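Just so you know, these numbers come straight off a predicted model, no measurement behind them. Proteins get letters first, then strands, A, B, ... in listed order; numbering begins at 1 in each.
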2 protein chains.
Amino acid sequence: MAKEVPGAASSAGTFTERARRAQLIAVTTELVADEGYQGASLSRIAERAELSKAAVLYHVGSKDALIQAAYAHTLTALTSDVARAVQAAAPAEAPAAYIRAMIGHLGEHPRHTRMLIEALSHGVEEHASAERWQPLAEILEAAGVAGAGESRTVALVIGGGIDAIVREGLEDPDYDTAAAAEQLAALTAGSGWVRR
Amino acid sequence: MAKEVPGAASSAGTFTERARRAQLIAVTTELVADEGYQGASLSRIAERAELSKAAVLYHVGSKDALIQAAYAHTLTALTSDVARAVQAAAPAEAPAAYIRAMIGHLGEHPRHTRMLIEALSHGVEEHASAERWQPLAEILEAAGVAGAGESRTVALVIGGGIDAIVREGLEDPDYDTAAAAEQLAALTAGSGWVRR
DNA sequence: GTCTATACCCCGATAGAC
DNA sequence: GTCTATCGGGGTATAGAC
């Protein structure tokens with residue numbers, strides 16, 4: 001699509017370069033979360049960062065690259081948080097820990113949630129979808145909850161269920177996402193998931 | 001947002017008016033499904049319909065109104081199809097019928113699926129989300145699968161699971177969505193969903 | 001009632017001056 | 001490194017021909 005960005009890696013470039021990138025990612029995340037993809041125009045981003053539109057483009061290469069960077073930054077916070085919770089749990093409790101951590105993190109950071117949704121809706125490089133369900137499928141198999149032949153669909157359903165619960169919590173603040181997480185976790189542990 | 005469209009209802013207006021609207025909705029659906037929301041510009045739509053951009057706008061009022069109309073048209077095809085299948089089933093089998101009809105319809109009409117996804121991702125009037133899960137929640141309660149206190153979350157999880165399965169089938173044609181539907185239907189009937 | 005022509009403003013992106 | 005100027009293209013509004 002677009003040309004390669006000079007400082008694509010977050011660890012490259014000069015001090016000021018990295019600082020600018022970090023600032024731009026922060027501003028973009030906030031703007032995208034609050035106003036949506038379309039509302040986060042380069043002009044508005046530049047305005048908030050106190051730069052010109054062209055200067056922003058100089059640093060990030062293109063709008064899509066900027067969104068991608070903000071997306072990756074946000075996603076890393078989520079995945080590392082979830083991974084920490086999963087690793088701290090015993091294999092049998094890992095699926096429940098995954099569900100709780102996922103819904104908990106996204107419920108506590110609605111801006112992150114909106115950022116991820118907007119980015120995914122607007123042509124962020126979809127990492128094959130397998131990257132989303134495969135880790136969960138492995139967790140499920142290790143817990144003995146689903147066999148190899150069924151773990152993919154079970155993981156997809158749980159992932160989709162998490163998305164739906166988080167979205168609902170976003171639209172209706174009265175909806176108890178923590179209780180929903182427990183309900184989904186109970187389902188995972190229940191007998192319905194594995195054929196006998 | 002935008003001004004009211006002259007022939008907003010599909011049954012209003014002149015013969016040519018209705019014909020034009022139908023044609024524009026068809027062209028838009030095809031274009032959005034194949035090229036995405038951004039790829040379906042008014043210029044391209046006008047080009048395919050052999051009209052000028054302004055003429056298109058005359059008939060539909062605005063791009064968002066056009067997308068909304070195409071979305072509603074596509075959604076009606078889906079919901080009427082699913083409703084038919086559900087009504088033909090006994091209450092106890094209704095949840096499974098819902099799941100099969102939903103996944104079956106969307107699997108057979110990938111263009112419809114993409115149209116719905118694109119529209120939902122790009123600011124179509126989200127009908128409160130309740131319109132999505134409430135009908136299913138009622139089906140579940142009638143089937144005795146979920147109690148009143150839990151049917152909302154169960155319906156959300158099933159709905160999200162359906163979405164995830166359909167999306168996966170879109171990205172990976174080798175993925176067996178029919179088998180996944182059966183797996184999800186079996187879960188619904190299983191003991192995992194209801195607390196005892 | 002249907003459509004063409006035209007003009008407006010904002011968007012993302014590029015070129016070149018400072 | 002950062003700016004101004006500019007470009008093509010997007011959605012929209014209006015005037016007026018037929």
Side-chain angles (χ1 to χ4, degrees), chain A residues 1-8 12-24 27-28 31-32 35-71 118-119 121-124, chain B residues 1-25 27-28 31-32 35-71 118-119 121-124:
Chain A
M1 288 190 179
K3 274 185 296 188
E4 260 304 314
V5 183
T14 63
F15 279 137
T16 65
E17 173 74 14
R18 296 213 307 268
R20 281 266 187 247
R21 277 186 66 83
Q23 181 206 17
L24 286 172
V27 166
T28 300
L31 217 39
V32 168
E35 317 272 1
Y37 180 91
Q38 339 235 13
S41 70
L42 288 176
S43 319
R44 309 241 284 142
I45 291 166
E47 188 185 349
R48 282 217 198 179
E50 292 182 311
L51 279 174
S52 74
K53 208 168 66 164
V56 172
L57 280 171
Y58 166 78
H59 286 291
V60 301
S62 74
K63 178 175 178 178
D64 279 3
L66 177 54
I67 298 289
Q68 181 82 35
Y71 168 77
E118 287 294 317
S121 300
H122 294 262
V124 136
Chain B
M1 288 190 178
K3 274 186 298 187
E4 260 304 317
V5 182
S10 58
S11 58
T14 319
F15 277 138
T16 67
E17 170 75 10
R18 297 213 307 268
R20 281 276 187 235
R21 276 186 67 84
Q23 181 205 17
L24 286 172
I25 287 176
V27 165
T28 300
L31 216 39
V32 169
E35 319 272 1
Y37 180 90
Q38 339 234 14
S41 70
L42 287 175
S43 319
R44 307 240 285 142
I45 291 166
E47 189 185 349
R48 282 217 198 178
E50 293 183 310
L51 279 174
S52 73
K53 210 169 66 163
V56 172
L57 243 23
Y58 165 77
H59 287 289
V60 301
S62 74
K63 176 173 178 178
D64 278 3
L66 177 55
I67 299 289
Q68 182 83 35
Y71 168 77
E118 287 295 316
S121 300
H122 294 263
V124 136

Q: Could you state the interatomic distance from CD (A:Glu47) to CG (A:Leu31), rounded to the nearest 0.5 Å?
A: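 Rounded to the nearest 0.5 Å, the CD-CG separation comes out at 9.0 Å.
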Q: Using whole Å, what does the distance between atom P of nucleotide D:dG9 and atom CD of A:Gln38 come to?
A: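 It is 20 Å, rounded to the nearest whole Å.
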Q: Under 4.0 Å from OP1 or OP2 of D:dT2: is there any side-chain N or O of A:His59 that close?
A: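 Indeed, a polar side-chain atom of A:His59 lies that close.
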Q: Could you please name the option among C:dT4, C:dA13, C:dT2 that lies closest to any side-chain atom of A:Leu57?
A: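 The answer is C:dA13, which lies nearest to the side chain.
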Q: Assuming nearest nucleotide by heavy-atom distance, tell me which of A:Ala40 and B:Arg20 is located more 5' along DNA chain C.
A: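 The residue whose closest nucleotide sits nearer the 5' end is B:Arg20.
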Q: What are the two closest non-hydrogen atoms of B:Ala70 and B:Ile25, and how far apart are they?
A: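 Closest heavy-atom pair between B:Ala70 and B:Ile25: CA-CG2, 3.9 Å.
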Q: In whole angstrom, give the distance that lies between atom NZ of B:Lys53 and atom C1' of C:dC9.
A: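 Going from B:Lys53 (NZ) to C:dC9 (C1'), I get 12 Å.
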Q: Could you check how far CZ of B:Arg18 sits from P of C:dT2, rounded to whole Å?
A: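 To the nearest whole Å, that distance equals 12 Å.
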Q: Could you report the tightest heavy-atom contact between A:Tyr37 and A:Lys63, atom names first, then the distance?
A: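 Taking every non-hydrogen atom into account, O-NZ, 3.1 Å.
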Q: In this structure, how many angstroms lie between the P atom of D:dG9 and the NZ atom of B:Lys63, rounded?
A: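 Taking atom P of D:dG9 as the reference, NZ of B:Lys63 is at 16 Å.
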Q: Would you check if B:Leu66 and B:Ile45 make a side-chain contact, meaning some heavy-atom pair closer than 4.5 Å?
A: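 In contact.
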Q: With a 3.5 Å cut-off and no angle check, do the side chains of B:Thr16 and B:Thr14 form a donor-acceptor pair?
A: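 B:Thr16 vs B:Thr14: no donor-acceptor pair found between side chains.
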Q: Calculate the interatomic distance between A:Asp64 atom CG and C:dA13 atom P; express it in whole Å.
A: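 These atoms are roughly 7 Å apart.
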Q: For the pair made of OH in B:Tyr37 and P in D:dG10, what is the distance, rounded to whole Å?
A: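 Those two atoms, OH and P, are 13 Å apart.
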Q: Counting only side-chain heavy atoms from C-beta out, which of C:dC3, C:dT4, C:dT14 sits nearest to B:Ser52?
A: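 Looking only at heavy atoms from C-beta outward on B:Ser52, the closest nucleotide is C:dT4.
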Q: Of the nucleotides C:dT2, C:dC3, C:dA13, which one has an atom closest to the side chain of B:Thr14?
A: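 So the nucleotide nearest the side chain must be C:dT2.
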Q: So, does B:Ser41 get its side chain near the phosphate of D:dG10, meaning an N or O under 4.0 Å from OP1 or OP2?
A: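 Yes, such a contact exists.
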Q: Find the distance B:Glu35:CD to D:dG10:C1' and express it as a whole number of Å.
A: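 Value for this atom pair: 16 Å.
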Q: If you measure from CG on A:Leu57 to CG on A:Leu24, what distance do you get to the nearest 0.5 Å?
A: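 Going from CG on A:Leu57 over to CG on A:Leu24, the span is 10.0 Å.
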Q: Look at B:Tyr58 and C:dC3 and indicate whether a side-chain polar atom (N or O) is within less than 4.0 Å of OP1 or OP2.
A: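 For C:dC3, neither OP1 nor OP2 has a side-chain N or O of B:Tyr58 closer than 4.0 Å.
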Q: With a 4.0 Å heavy-atom cut-off, tell me which residues in residues 42-49 of chain A come close to DNA chain D, sorted by residue number.
A: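 Heavy-atom contacts with DNA chain D come from no residue of residues 42-49 of chain A; none.
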Q: Round to a whole Å and report the spacing from CG of B:Leu24 to P of C:dC3.
A: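 It is 9 Å, rounded to the nearest whole Å.
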Q: Got a sec, which residues hit side-chain hydrogen bond (donor to acceptor under 3.5 Å, both in side chains) with B:Gln23, two or more places apart in sequence or on another chain?
A: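 B:Gln23: side-chain hydrogen bond (donor to acceptor under 3.5 Å, both in side chains) contacts with B:Arg20.
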